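Below is one structure; the comments refer to it alone.
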Amino acid sequence: MKINHIVETQQFTQPLLMELFDRANLMKKIVARGGTKDYENKIMTSLFYQQSTRTRFSFESAMYRLGGKVITTEQAAFFSSEITGEHLEDTIQIIANYCDVIVLRHLEAGGAKRAASVSPVPIINAGDGAGGQHPTQGLLDLYTIFSELHTLNGLNVAFVGSLDNGRTARSLAYLLSKFSRIKLYFVAPKEMQIKPDILEHLDENNIIYTLSDSLEGIIDQIDVLYQTRFEVERFPNVNFDYSKLKTDTSVLQKMKYDSIIMHPMPRDIEISHSVDSDKRAAYFRQAKNGLYVRMALLSMLFDGN
Ligand code: CP
């Protein structure tokens, strides 16, 4: 199946995911030997309307490691012509004249889809709005789970934090639903629980899930603990005990010895720094995998999949 744009994780079939992971493994070897010049004629635009550390730097590094070039603007929301009222669709059609791929982080859920509808070059959704998707994060997350646990079937995965706005959790939930004997636990204050569209999708795919507001009672069953930010600031008047969602050394003691802890980052109070030295803390390895998976995605798009 050929992919022209990367907008949402539903686009990826199991065979395409395995092809992507093989390519990411190859990219890991290419990086170890100093990169390649295979894509030296390619130019990537990184167009970020919101702040980013991992996604932007790893995409830009990925492009340089592939031998290509990067054009960019600091904080597109302030430095591009959008501030003068230019529509996203116009901006994309202009920038597409100057590059071979556009990596877009937009303020609106659906922004990447709008861009893809007019773009003659591939659009890669680097996160769109609150409650949209972040497909390349979902793909690197899935690659991390596969690399660490050597399977994607029969896993119990807990998503924790502000899940309604959680574009990374949403993207990964769609991907996990493609595998068998998966059980998902959504752990969040009720104001921030995962949205019904994801639950409908899981129902359609016969994926078992539970909703709760505490890790208590489930933590010893979990293979993957996927923490996300709490966004406490969104509900200043809600008196919720966030300690029920945090990962600290007392939680580590209850977790399976062969489980992993992930976080798309940036982290705040969700994971105590005392957890970092535990071998189950996979979040820095996860961020590193972002480079390999994004190199793999760029090369797939340039090669016509
Ligand atoms: N995981 C993630 O999207 O991080 P950034 O916001 O730093 O890109």
Side-chain angles (χ1 to χ4, degrees), residues 6-9 20 24 44-65 70 72-79 101-112 115 123-145 147-148 157 159-176 192 194 224-234 247 260-271 275-276 281-298:
I6 299 172
V7 173
E8 55 189 17
T9 49
L20 174 69
M44 180 188 93
T45 297
S46 62
L47 186 62
F48 280 63
Y49 288 79
Q50 287 177 318
Q51 74 279 11
S52 166
T53 302
R54 283 140 288 272
T55 312
R56 181 169 167 188
F57 281 115
S58 62
F59 259 118
E60 294 187 2
S61 176
M63 196 57 191
Y64 287 121
R65 296 285 194 207
V70 176
T72 187
T73 174
E74 284 297 327
Q75 273 292 345
F78 299 107
F79 291 92
V101 62
I102 298 173
V103 179
L104 172 70
R105 174 168 288 185
H106 202 252
L107 300 158
E108 291 171 28
I123 296 291
I124 301 180
N125 181 2
D128 59 343
Q133 278 214 32
H134 192 348
T136 67
Q137 180 71 46
L139 292 164
L140 78 89
D141 292 341
L142 196 74
Y143 176 74
T144 299
I145 296 170
S147 305
E148 300 267 335
V157 181
F159 291 95
V160 186
S162 174
L163 302 178
D164 57 340
N165 276 354
R167 55 197 182 193
T168 65
R170 293 169 56 78
S171 288
L172 183 56
Y174 277 120
L175 287 171
L176 288 167
M192 304 185 193
I194 197 84
V224 178
L225 177 58
Y226 192 92
Q227 282 276 6
T228 66
R229 276 199 65 221
F230 294 162
E231 298 187 317
V232 178
E233 67 280 3
R234 280 176 54 211
T247 303
I260 55 170
I261 303 158
M262 298 175 67
H263 195 313
M265 300 179 93
R267 78 170 141 180
D268 188 9
I269 55 171
E270 307 86 47
I271 302 179
V275 172
D276 294 0
Y283 28 93
F284 288 108
R285 300 191 291 276
Q286 178 186 355
K288 192 170 185 182
N289 287 336
L291 174 65
Y292 311 133
V293 170
R294 287 173 173 135
M295 286 175 75
L297 288 167
L298 287 167

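All figures in this text were calculated on a predicted structure; none of them were measured in a lab. As the structure lists them, so they are numbered: ligands from 1, and atoms in each ligand from 1.
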Are N125 and E8 close enough that a side-chain donor and a side-chain acceptor fall under 3.5 Å?
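There is no such pair (donor and acceptor under 3.5 Å, judged by atom type) between the side chains of N125 and E8.
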
Rounded to the nearest 0.5 Å, what's the gap from OG on S58 to CG on L140? Could you check?
7.5 Å

Just to be sure I understand the cut-off, which residues have at least one non-hydrogen atom under 4.0 angstrom from an atom of ligand 1?
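Only S52, T53, R54, T55, R105, H134, Q137, P264, M265 have heavy atoms that fall under 4.0 Å of ligand 1, ordered by chain and number.
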
Do F59 and V101 have side chains that get closer than 4.5 Å, going by heavy atoms?
no

Taking only residues two or more places apart in sequence or in another chain, which ones pass side-chain contact (heavy atoms from CB on, under 4.5 Å) with [X]?
{"X": "R167", "value": "Q50, R105, H134"}
{"X": "E233", "value": "R229, E231"}
{"X": "E108", "value": "H106, R114"}

